[in-house]
Each structure stands twice: as structure tokens, then as C-alpha cells.
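We name chains A, B, ... by the order of the sequence lines, and we start the count at 1 in each one. Predicted model, so just to flag it, every value in this text is computed and none were measured. Computed over heavy atoms, backbone and side chain alike; hydrogens, waters and symmetry mates excluded.
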Amino acid sequence: MKKKIRLIARLDVKDANLVKGIQLEGLRKLGDPNGFAREYYQQGIDELLYIDIVASLYNRNNLSDIVRKTVDEVYIPVCVGGGLRSVEDVRHILSMGADKVAINTAAIKRPELITEVAEAFGSQCMVLSIQAKRSRLWPGKWEAYYDNGRAHSGYDVIEWAKRGVALGAGEILLMSVDNEGLQRGMDLELIEAVTKAVNVPVICGGGVGCGDDIVDAAKAGADAVACAAVLHYKKETVPELKEEVLAGGVEVRRV
Amino acid sequence: MKITVIDYGLSNLLSVQHAFRHFGAEVALVNTPEAVLAADALVLPGVGAFRDGMAGLARLGLIEAIQKKTAEGTPLLGICLGMQMLFDESEEFGTHRGLGLIPGRVVKIPDTDVDGAPQRVPHISWQPLYPAGGREDFSGTALAGVTPGQECYFIHSYEAKPAAEADRLAVTMYGGRPVCAAAMHGRVLGCQFHPEKSGPVGLSIIENYLKLCQA
């Protein structure tokens, strides 16, 4: 059977601005996130992913207004992450129009949160976000980072992904910190290792520079691919990326 | 046209409200039997577990009200978990009774495909809709605006198995097997996918459902 993937636009937000960095550093302001979201929806993106990238530092998520505005005109799934620490935080952002939440920092600090969110809103709502960085200490392995790539957890990414699923995560958002923002392709070994280790869908991100990178990720096992720089800098449009994906022998929603 | 959305304490209800308002409908969020009994057309949304959804409806005393209204011919649209609850029972976390509005059961999606290879559960994907139940196309139904093969957004771990083939309105394929995508029994309609999250194709279903409610 032909592999089918979802194409997701990842919108990192800081102080109401869409931002983009390289390996999560050196952020550039790109403008109003809602404008980008609307544009990608009209172009035929399959899903949106909003991350408040400074929220975990301030223990709050500032995306409520942006999400509320988005779902007023954008009729596709919206996942929101950044600074969500409790079932109440999750309930609030869902009431603002989010369909799913991506949780990283708070899950590392208190893994039971994964179970609490899954029990309250269903596993399909609980996306475990993992920022993976190749480890210097453990050859051939990756370590999970948090606080937007600033702090390391001591968790082996593969073990953490398996544990997250056992605790109730219905999806994994896997981002390669090493490849992020470089637009030179994704960490295919990481994608293969994680997608083989778990049986829930895995959204892979970090490094997409063209449609062929998405094809490679899909063939390595990705169920969905998150794109940022390649779209934000208008290097390619959603239909252009999808055309390349289809040409590469991978299925994606036709637009 | 007024659309009454049943709010039993689960999930994002904003998108479904926006979608109906987009086509000029007046939308009321309700959680009492009186409000359900006064409705012209009902929507039962929902994500999460079957047991919790039915427990939410029972706690609010809504089960009999929904059954009475649909027996009188009031249209109802169930979405995702709301679609699954239309059936007789589900095997999610033990056997639990549903609303019994469409004969059939809700079962777990197998974790291997038709060739025995592992497949992902939950099933999260945009998948094409094909006519079922002996239909050649979707004309005369809320899916009339859908060209067979157009895709909608699915996110689920369980799937409905209608007892009567005729109640199956649309199917999609996952892992080489047909999955019930939409079911219809009289004026009760259920969509396993999310029409309010399926872009222009999904919006056409919302628009057509509204038209059918007015008919």
C-alpha cells in the first residue's frame, strides 16, 4: 500500500509574531501568524501547528486569541503547544478552538500529565512533543530536550516516545533540533527509529527544504511532515510541495 | 434556520459552530433535555471515549430526549464520537450502550493491515469518501456536494459497523479494509470524519445538511 502523509504548517509564535530561527536560535520576526495560517489554508495545507515558543519559560500560553481568530476562518485541524502544564490549561485552549495539544516540557517534568490529558479529552487530543538532539554521550542515540531546545532531560528519545505512548499519547510530534531551520533535509535515522518503536502516528519536523525531503521522510516512516521555513520564506507553496510529494510516489491529500 | 448543538462537556465546539454560522444558521449550544426537545435540528459533536460521552449525555438526562426527538423525525448529525454514539453499543473500554438510533456496533480498528503489517492506531488521515449501501453517488444526501474520491479528515481509534448495508452512506479505506465513513438511517446522519475540519469539501456537507434540515 502506498504511504499517505499529512502536510502540516508549523507556526512558531513569540509575542503575537510568527518567528523562525535556525536550530531554534536567532529568531526572525515574520509577521502576523493569522495571515500565514489563512494563506496556507487557502493553498491546501492539511493541518496547522501553533507553538508558543517562549511560553514554557513564562509558564503560560499566549495563543488563545490567535487560535480563536484562526478557527473563525480556517476549517482544518489545529494543534497547539507551548507552556501547557495542566488539564485546565488544555481545557482552555481546546475551548478556544484547538483540536489537539502538543506537550513537551510539562510532560518531561511530570509524565502523569500525559495520562491525565488523554483520560480527560481522549488520546487523539494528546500529542507528545519531542525535541530530539543527537547525543554526544550516547553514540547513535538522541536525547529529548525541552524549554524550546535549551534544556536536556536525560531521556533517550526512543524510550521516552514508547513511554509516552504507554501513558496515553495518541500521536508524537518529533522534531530534530540538529536539522531545524537549515532546510537541508530531515534526520531520517531518527524518523526511522521512532516510527518503528511506536504504533501511533508520528509527525516529523526539522529540516524540510523541498518536496523531496518530505518524500524521504515518508519513506523513512513519517505519517505527517511539519514544514516551516520552506513555506514561511515562500521558497515553495503548498501545491508545489504536494506535487513533488505525489511525483515521489507518496500519497497526500489532493488540492 | 436554527441548529441546536448538544454540549455535554467534551471538546472543541467552536469549529462546528463557526461552520454552521458560515452558512447563515443560528447556532445554540444546549445541555438540557428541554432545549433538546425544543430543537428543529440537532448536532451531536464529540471527541474522546465512548463511555465518557454516553456518561455525559446520561448525567444531563439527554439520552431519552435525543431518542424521542429523532423518533419524531427531527434531523440529527453526529460527528466522530457523536457518530459512534448513534449505534447500539461500543466495545471501547468494555461494552457500553449507545443511543441505539442506527443498528450496529462500534469496534476497535485493527492494529494490522489486510496484509498483516502493523498499522497506526489512532487512524489520523485525510481519506477519500466513496458511496456505499448500494449508492452510485451521494445525490439526495448531505454528502451531495462531495465528488466520490474527495478527502475528509479522520481521527479515530474505533469504527462503526452498521448492521444494515443500506445504512452505510460512505466508506473509506484504511489498511486495505473498508471503514464506515458516514452512516444514515432516516433523518439521522453520522460522519466518522470531521466535516467542520475538512476544508471546502467538509463545508459543502455542512451546507447541504442545513438545506436538508430546512426541507
Heavy-atom distances under 4.5 Å only: say whether A:E119 touches chain B with side chain, backbone, both or neither.
->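 Just its backbone gets close to chain B.
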Portion of A:V255 that has a non-hydrogen atom of chain B nearer than 4.5 angstrom =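 No part of it gets close to chain B.
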Output the distance between atom NE2 (B:H18) and atom CZ (A:R68), rounded to the nearest 0.5 Å.
->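 Between atom NE2 of B:H18 and atom CZ of A:R68 there are 6.5 Å.
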Spacing of CG belonging to A:D223 relative to OG belonging to B:S125, to within rounding of 0.5 Å =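 These two atoms lie 9.0 Å from each other.
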Where do A:G97 and B:S15 come nearest, in terms of heavy atoms and distance?
->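 That would be O-OG, 4.2 Å.
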Looking only at heavy atoms, what is the nearest atom pair of B:I124 and A:K100, with distance?
->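 Reported closest heavy-atom pair: CG2-NZ, 4.2 Å.
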In this structure, which one of A:K4, A:R254, A:R253 forms a side chain to side chain donor-acceptor pair (under 3.5 Å) with B:E151?
->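 Among the candidates, only A:K4 passes.
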Can you tell me if B:Y153 uses its side chain to pair, donor with acceptor, with the backbone of A:D46 under 3.5 Å?
->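 Such a contact is absent between B:Y153 side chain and A:D46 backbone.
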Part of B:P122 lying under 4.5 Å from any heavy atom of chain A =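 For B:P122, heavy atoms of backbone and side chain both lie under 4.5 Å from chain A.
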Considering heavy atoms only, which positions within residues 194-208 of chain A lie below 4.5 Å of chain B?
->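 Residues A:T195, A:V198, A:N199, A:V200, A:P201 are the ones that qualify, each having a heavy atom under 4.5 Å from chain B.
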Of all the residues in residues 188-199 of chain B, which have a heavy atom that comes within less than 4.5 Å of a heavy atom in chain A?
->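 Within residues 188-199 of chain B, near chain A: B:E196, B:K197, B:S198, B:G199.
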Carefully, step by step, assess B:V201 and A:Y75 under the rule side-chain contact (heavy atoms from CB on, under 4.5 Å).
-> CA-CA 10 Å; B:V201 175; A:Y75 294 97; over 6 Å; no
